[in-house]
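For reference, the structure discussed in these notes is given below.
Computed over heavy atoms, backbone and side chain alike; hydrogens, waters and symmetry mates excluded. Source: prediction; values computed, not measured.
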Amino acid sequence: DGGAGSGSASAAVVNVAPQLTGMAASAAIEGHVTTLTGTIVEPSPRDTFTLQVTWPGGEVTSSSYPAGSTSIYEQRTVVDDDPTGTAADDMLVTATITDDDAGSSTSRTTVHVSNDPPSAGPTFDGSPSPFHEGETATLRGTIDQWSDSGAADTFTVEIDWADGSPHETLDVSATPPRPYVATHTYV
């Protein structure tokens with residue numbers, strides 16, 4: 001018959017937003033690095049990605065991942081456990097992944113941040129120990145700036161003079177070198 005025909009059809013392609021699964025952040029000591037990992041689930045091997053992470057303390061970072069990426073790997077220093085004054089805290093990490101077609105999703109996890117306790121480094125001035133009645137002891141010290149990596153920490157030194165008197169409490173500057181001095185007369 002020699003007949004010919006033509007036609008057309010259209011199809012709508014709908015973007016599928018990428019997902020982050022298995023997202024986890026490694027435990028860290030304040031002032032040290034945590035590592036954020038996770039799996040990118042995306043049906044299109046051609047999509048590229050932007051990852052925006054909000055870290056503990058509010059810092060936001062952005063990274064690009066090429067087409068075909070199947071995982072994320074990000075590192076950041078955690079400045080402080082929050083609230084200050086606790087032994088450890090679980091702090092929120094939020095990650096939003098966006099593909100090059102503007103599809104996006106958000107995932108959350110926590111990072112366990114432990115306090116890095118300071119060392120006080122006290123030394124006594126005055127008579128050699130033991131001290132006797134009527135003698136005055138002077139305690140001098142510095143909270144070692146390298147032993148406590150929590151940049152937002154505050155410091156209090158509590159002194160027990162070991163003679164039955166009430167404990168003495170000193171607020172110490174958060175700015176290095178963090179010195180303190182206390183005197184006590186033994187009665």
Side-chain angles (χ1 to χ4, degrees), residues 18-41 48-66 69-98 104-125 137-162 166-184:
Q19 301 291 313
L20 285 175
T21 62
M23 196 168 80
S26 63
I29 297 171
E30 64 182 1
H32 294 83
V33 171
T34 183
T35 300
L36 179 68
T37 58
T39 301
I40 301 171
V41 178
T48 60
F49 309 98
T50 301
L51 180 71
Q52 185 174 2
V53 180
T54 303
W55 299 94
E59 181 183 9
V60 177
T61 59
S62 184
S63 301
S64 297
Y65 285 83
S69 295
T70 59
S71 63
I72 63 164
Y73 182 90
E74 300 288 321
Q75 291 187 313
R76 184 64 52 208
T77 299
V78 181
V79 175
D80 193 26
D81 66 317
D82 188 20
T84 293
T86 58
D89 300 289
D90 290 327
M91 302 176 72
L92 185 64
V93 178
T94 302
T96 300
I97 189 160
T98 305
S104 68
S105 68
T106 300
S107 297
R108 292 170 182 80
T109 191
T110 57
V111 55
H112 186 76
V113 182
S114 299
N115 183 47
D116 187 9
S119 63
T123 58
F124 278 106
D125 293 346
T138 301
L139 177 68
R140 298 179 191 280
T142 302
I143 296 177
D144 182 3
Q145 67 182 0
W146 306 115
S147 73
D148 186 313
S149 48
D153 281 352
T154 58
F155 302 94
T156 302
V157 174
E158 182 176 334
I159 303 167
D160 179 354
W161 294 104
H167 290 195
E168 186 173 344
T169 302
L170 305 173
D171 290 324
V172 180
S173 170
T175 305
R178 303 182 186 123
Y180 59 91
V181 177
T183 59
H184 179 75

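Taking E168 as the reference, W161 meet the side chain to side chain donor-acceptor pair (under 3.5 Å) condition, with sequence neighbours excluded. The side chain to side chain donor-acceptor pair (under 3.5 Å) search around T77 returns none, not counting sequence neighbours. Checked against side chain to side chain donor-acceptor pair (under 3.5 Å), T61 has the following partners two or more places apart in sequence or in another chain: W55.
Considering every non-hydrogen atom in both A27 and V111, the closest pair reads CA-CG2, 4.4 Å. The two residues P56 and V93 make their nearest non-hydrogen contact at CD-CG2, 3.8 Å. Residues L170 and V181 come closest through the heavy atom pair CD1-O, 3.9 Å. Across all non-hydrogen atoms, the minimal contact from T98 to S104 is OG1-CB, 3.4 Å.
Counting only heavy atoms from C-beta outward, the side chains of L51 and L20 approach each other to under 4.5 Å. Between T86 and N115, every side-chain heavy-atom pair lies at or beyond the 4.5 Å cut-off. For the pair T109 and L36, the minimum side-chain heavy-atom distance is below 4.5 Å.
Side-chain atoms of E30 come within 3.5 Å of backbone atoms of D81 as a donor-acceptor pair (strictly under, hydrogens ignored). A donor-acceptor pair under 3.5 Å is formed between the side chain of S26 and the backbone N or O of T35. Under a 3.5 Å cut-off, the side chain of S114 and the backbone N or O of A88 do not form any donor-acceptor pair.
Remark: I72 CD1 to T37 OG1 distance equals 7.0 Å, nearest 0.5 Å. Within the model, atoms CE of M23 and OG1 of T106 stand 9.0 Å from one another, a figure rounded to the nearest 0.5 Å.
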